[in-house]
Amino acid sequence: MKPDNDGNVSEFILLGFSEDPELQPLIFGLFLSMYLITMLGNLLIILAVSSDPHLHTPMYFFLSNLSFVDICFTSTTVPHMLLSIHRESKATTYEGCMAQMFFVCVFAALDDFLLMVMAYDRLVAICHPLHYMVIMNPRLCGLLVLGSWIMSSLISFLQNILVLRLSFCTDLEIPNFFCELKLIVQVSCSDTFVNNVVMYISVVLVGGGPLAGILYSYSKIVSSICRIASTQGKMKAFSTCSSHLSVVSLFYCSCLGVYLSSAATHSSQSSSTASAMYTVVTPMLNPFIYSLRNRDIKRALNAFLVKGTTKGHLS
């Protein structure tokens, strides 16, 4: 902890999961494995979608964007943590912490917005199947993704601007393995009233808004499915939503766990474990959820892997 003369700081201390030196190699190995699995799984989803013409549809366009965001999300936190363990130093620069906080906010919000967009896509596919390709045209799909990026960036930029005006005196230890917005604001010695108000409004907009959109979409989807006469038709319609529902449940349950954990305790281990659920575990599991519960993705992945193996043998 090094306070500057102007009341600002040059570094923060990220406490991480444990201060026990004997546990550091285990933590390093575990998170390196999860990071590599996340990268491989999401890259395979992107490559499978891009290589199979049958998957060049709005649903899989949004899925590949979600996979890209998940790669970026995990890459914002895990490599820095692994480097800190390797260097045996928990310190991170002020500038690095602010940058990390910005990108964590951007990609967390993007995950949220993309899940809402994917729910809308399923709504149109099930409730308006005959007009699906007309409504979900490439221009609209591009605008929905672009709008998600712009909204996420603007909200995160506002949060960062408000944090940059704060001063930090002492007790600059962050009970987490990355620079999380809420924890950074908590260790400031400035008046954080405006920050807290904007932060909670942002949580309502970024968390509550997309969640409300998802719930509305699925209420319409369920209503439409109930009107289908055959049981087979109902199962087929529901199967197109099952993967998305699983990802939504995982994402929101992990985010809820983070806020309940931070409200109940300030323990570094508890905060880090809860945060790891939505920054590391969720992005790692998403490709498995989609590949295991989606026949088209399974087929595309098999074709892509077989094609790659065949090329390898020929060369």
Side-chain angles (χ1 to χ4, degrees), residues 1-4 7-36 38 72-108 156 159-160 162-164 166-190 192 195-196 199 203 253-284:
M1 298 176 286
K2 299 179 181 178
D4 288 339
N8 288 325
V9 296
S10 59
E11 64 181 33
F12 291 93
I13 305 299
L14 299 175
L15 297 179
F17 290 89
S18 173
E19 296 184 10
D20 187 352
E22 295 181 359
L23 288 178
Q24 300 311 307
L26 177 62
I27 296 171
F28 184 92
L30 176 62
F31 276 84
L32 177 61
S33 301
M34 288 196 292
Y35 180 65
L36 293 176
T38 301
C72 296
F73 197 8
T74 306
S75 298
T76 304
T77 58
V78 176
H80 182 270
M81 184 195 72
L82 296 176
L83 187 61
S84 296
I85 294 175
H86 177 69
R87 290 178 174 176
E88 298 182 355
S89 171
K90 295 179 180 290
T92 184
T93 64
Y94 175 83
E95 294 79 8
C97 197
M98 294 299 106
Q100 186 182 57
M101 182 180 68
F102 172 78
F103 286 111
V104 166
C105 290
V106 167
F107 295 125
S156 302
Q159 297 282 11
N160 254 51
L162 291 174
V163 172
L164 288 172
L166 298 177
S167 295
F168 301 89
C169 304
T170 57
D171 191 23
L172 302 178
E173 296 181 341
I174 309 299
N176 211 327
F177 68 96
F178 67 93
C179 297
E180 191 174 21
L181 172 64
K182 185 177 181 181
L183 298 177
I184 294 293
V185 172
Q186 285 177 352
V187 298
S188 171
C189 56
S190 302
T192 59
N195 294 76
N196 287 321
M199 189 172 13
V203 168
C253 287
S254 59
C255 288
L256 181 62
V258 170
Y259 283 97
L260 290 177
S261 173
S262 61
T265 179
H266 294 284
S267 163
S268 170
Q269 185 175 357
S270 299
S271 296
S272 296
T273 302
S275 296
M277 285 300 298
Y278 81 96
T279 59
V280 184
V281 177
T282 299
M284 180 184 70

Looking only at atom types and distance, does a side-chain atom of [X] sit under 3.5 Å from a main-chain N or O of [Y], one as donor and one as acceptor?
X	Y	result
Ser156	Val106	yes
Asn160	Met101	no
Glu88	Ser84	no
Ser188	Ser167	yes
Thr192	Asn195	no
Thr74	Tyr35	no

Evaluate the side-chain proximity of [Y] to [X]: yes if any heavy-atom separation is below 4.5 Å, no if none is.
X	Y	value
Glu180	Val104	no
Phe177	Thr279	yes
Leu23	Phe17	no

Atom [atom1] of [X] and atom [atom2] of [Y]: how far apart are they, to the nearest 0.5 Å?
X	Y	atom1	atom2	value
Thr92	Met98	OG1	CE	9.0 Å
Ser275	Leu183	OG	CG	7.0 Å
Leu32	Met81	CG	CE	9.0 Å
Thr77	Phe31	OG1	CZ	8.5 Å
Gln100	Glu95	CD	CD	13.5 Å

Could you pull out the closest heavy-atom pair between [X] and [Y], with the gap in Å?
X	Y	value
Gln24	Ser18	NE2-O, 2.8 Å
Leu15	Lys90	O-NZ, 2.9 Å
Pro21	Pro25	O-CD, 3.4 Å
Phe28	Leu82	CE1-O, 3.4 Å
Gln159	Met199	NE2-CA, 3.5 Å
Cys179	Leu14	SG-CD2, 4.0 Å

>> Parallel, tilted or perpendicular, judged at 30° and 60°: which one describes the rings of Phe168 and Phe12?
In response: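 Perpendicular: the ring planes of Phe168 and Phe12 meet at over 60°.
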> What is the ring orientation for Phe178 with Tyr278, classed by angle as parallel under 30°, tilted 30 to 60°, or perpendicular over 60°?
Replying inline: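 Geometry flag for Tyr278 against Phe178: perpendicular rings.
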>> Counting neighbours of CZ on Phe103 that are heavy atoms of other residues, nucleotides or ligands and sit closer than 6.0 Å, is the number greater than 12?
In response: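 Result for CZ/Phe103: open.
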